[in-house]
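Below is one structure, written out as structure tokens, with a few remarks after it.
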Amino acid sequence: MALMKSANENPAQSDSPAKLETSWKQRLSAEFDKDYMKNLKAFLKSEYQKGKKIFPAGDKYFAALNKVPFEDVRVVILGQDPYHGAGQAHGLSFSVPPGVPAPPSLVNIFKELQSDLGIQRPSHGTLESWANQGVLLLNAVLTVEEGRAASHQGKGWETFTDAVIHRLAEEREGLVFVLWGSYAQKKGAFIDRKKHLVLESPHPSPLSAHRGFLGSKPFSKINNYLSERGQKPIDWNLH
């Protein structure tokens, strides 16, 4: 299960195993032996050798999975690919590390959070407290080249994250899948709506948020569903 460990290391010397949380490793280890993953690894190694900057760092590729064990997932918020600006991506969809300004899509998420639940916009854009409560912040593609949005699409990550979603949809019950935008909706089209709650709306990007994301009230819908099933609602406050 080896992928590049750090964006700052020489890839010829850093073929260290990417650590994957145990419950996910049990379910996904076979993926790492498949041709698509070998091709993806070769592509990433080649990009590093060309001196390209890739985000997030290699030890953050699987941060979303490592934060939320398989059995603890309650909500899946599916993003497209990581932020491509320096210092922004840290392995959780839509989230940025402490001290990094919230990108436009995240600003709109916070606007909707305030409109929906009355929660004031936080002073940071780090969504780790959501992950700590079982919100899987998963991007469809787990790496990107600096300054080039969508540059690693079609290289194999989508197959890997499809495996993640299939496992959750098939082995779990009563999850909430949040699919913002047509890309996420196509990726989640196979999810059984009788077994899980699937919330769809336009993407929170400034290009589309006013076409139905703003006003969609996803956060209250998630908590109502969880409460109806006897589960503790998510505390969406970011302290």
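The model shown is predicted, which means the values in this text are computed figures rather than measured ones.
A ring-centre distance under 6.0 Å is not found for Tyr183 and His203. Aromatic ring centroids of Phe160 and Phe32 lie under 6.0 Å apart. Checked against a 6.0 Å centroid threshold, the rings of Trp24 and Phe62 do not count as neighbours.
Counting heavy atoms of neighbouring residues, nucleotides and ligands inside a 6.0 Å radius, atom NZ of Lys195 exceeds 12 of them.
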(message) Run the ring pair (Phe, Tyr, Trp, His ring centres under 6.0 Å) test on Phe43 and His152 for me, step by step, so that the C-alpha distance in whole Å, both residues' side-chain angles and the decisive distance to 0.1 Å come before the verdict.
(response) CA-CA 9 Å; Phe43 164 74; His152 289 188; 4.9 Å; yes

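Between Ala131 and Val68, the shortest heavy-atom distance links the atoms O-CG2, 3.3 Å. Nearest heavy atom pair, residue Arg211 against residue Pro202, reads O-CG, 3.4 Å. Here the closest non-hydrogen pair linking Ala169 and Phe190 is CB-CE1, 4.0 Å. Between Val176 and Leu199, the shortest heavy-atom distance links the atoms CG1-CD1, 4.1 Å. Between Phe94 and Gly79, the shortest heavy-atom distance links the atoms CE1-CA, 3.9 Å.
Leu226 and Val73 end up in different hydrophobic clusters when Ile, Leu, Val, Met, Phe, Trp and Tyr side chains are linked at under 4.5 Å. One hydrophobic cluster, built from ILVMFWY side chains closer than 4.5 Å, holds both Ile119 and Val178. Under a hydrophobic-cluster definition in which Ile, Leu, Val, Met, Phe, Trp and Tyr are linked whenever side-chain heavy atoms come within less than 4.5 Å, directly or via other members, Val100 and Ile54 are assigned to different clusters. Under the 4.5 Å side-chain heavy-atom criterion for ILVMFWY residues, a single connected hydrophobic cluster contains both Leu179 and Leu168. Note: the hydrophobic cluster containing Val75 does not contain Leu175 (ILVMFWY, side chain heavy atoms under 4.5 Å, direct or indirect links).
A salt bridge links Glu200 to Arg193: one of the charged nitrogens lies within less than 4.0 Å of a carboxylate oxygen. A salt bridge links Glu128 with Lys67: the closest approach of a Lys/Arg side-chain nitrogen to an acidic carboxylate oxygen falls below 4.0 angstrom.
With a 4.5 Å cut-off on side-chain heavy atoms, Glu31 and Lys34 count as touching. Looking at Leu136 and Leu65, their side chains come closer than 4.5 Å, going by heavy atoms from C-beta outward. Side chains of Thr161 and Lys187 form a contact here, defined as non-hydrogen atoms less than 4.5 Å apart. Between Leu238 and Phe110, the closest side-chain pair of non-hydrogen atoms falls below 4.5 Å. Proximity of Asn108 to Trp180: side-chain heavy atoms (C-beta onward) are nowhere separated by under 4.5 Å. When side chains are defined from C-beta on, Leu106 counts as touching Leu127, because their heavy atoms get closer than 4.5 Å. Here the side chains of Trp157 and Asp81 are not in contact, with every heavy-atom distance at 4.5 Å or above. Side-chain contact check for Gln114 versus Gln120: some heavy-atom pair is nearer than 4.5 Å.
Considering CD1 of Ile191 and CD of Glu170, their distance stands at 10.5 Å, rounded to 0.5 Å. In this structure, CG on Asn66 lies 5.5 Å from CG on Leu20, to the nearest 0.5 angstrom. In this structure, the separation between NZ on Lys155 and CD on Glu158 is 10.0 Å, given to the nearest 0.5 Å. In this structure, NZ on Lys232 lies 11.0 Å from CG on Asn223, to the nearest 0.5 angstrom. In this structure, the separation between NE2 on His84 and CD on Glu146 is 10.0 Å, given to the nearest 0.5 Å. For the atom pair Ile222 CD1 and Phe177 CZ, the distance stands at 12.0 Å (nearest 0.5 Å).
In terms of modelled atom types and a separation under 3.5 Å, the side chain of Tyr61 and the main chain of Gly91 share no donor-acceptor contact. When atom types are taken as modelled, the side chain of Gln133 and the backbone of Ser129 share a donor-acceptor pair closer than 3.5 angstrom. In this structure, the side chain of Thr143 does not engage the main chain of Phe55 through any donor-acceptor pair within 3.5 Å.
The side-chain hydrogen bond (donor to acceptor under 3.5 Å, both in side chains) pairs that include a residue from residues 88-104 are His90-Ser95, where partners are two or more places apart or lie in different chains.
Cation-pi geometry between Arg27 and Phe70 is met: the NZ or CZ atom falls under 6.0 Å from the ring centre, inside 45° of the normal.
For Glu112, the side-chain contact (heavy atoms from CB on, under 4.5 Å) partners two or more places apart in sequence, or in a different chain, are Ser115, Asp116, Phe213, Leu214, Ser216, Lys217, Pro218, Phe219.
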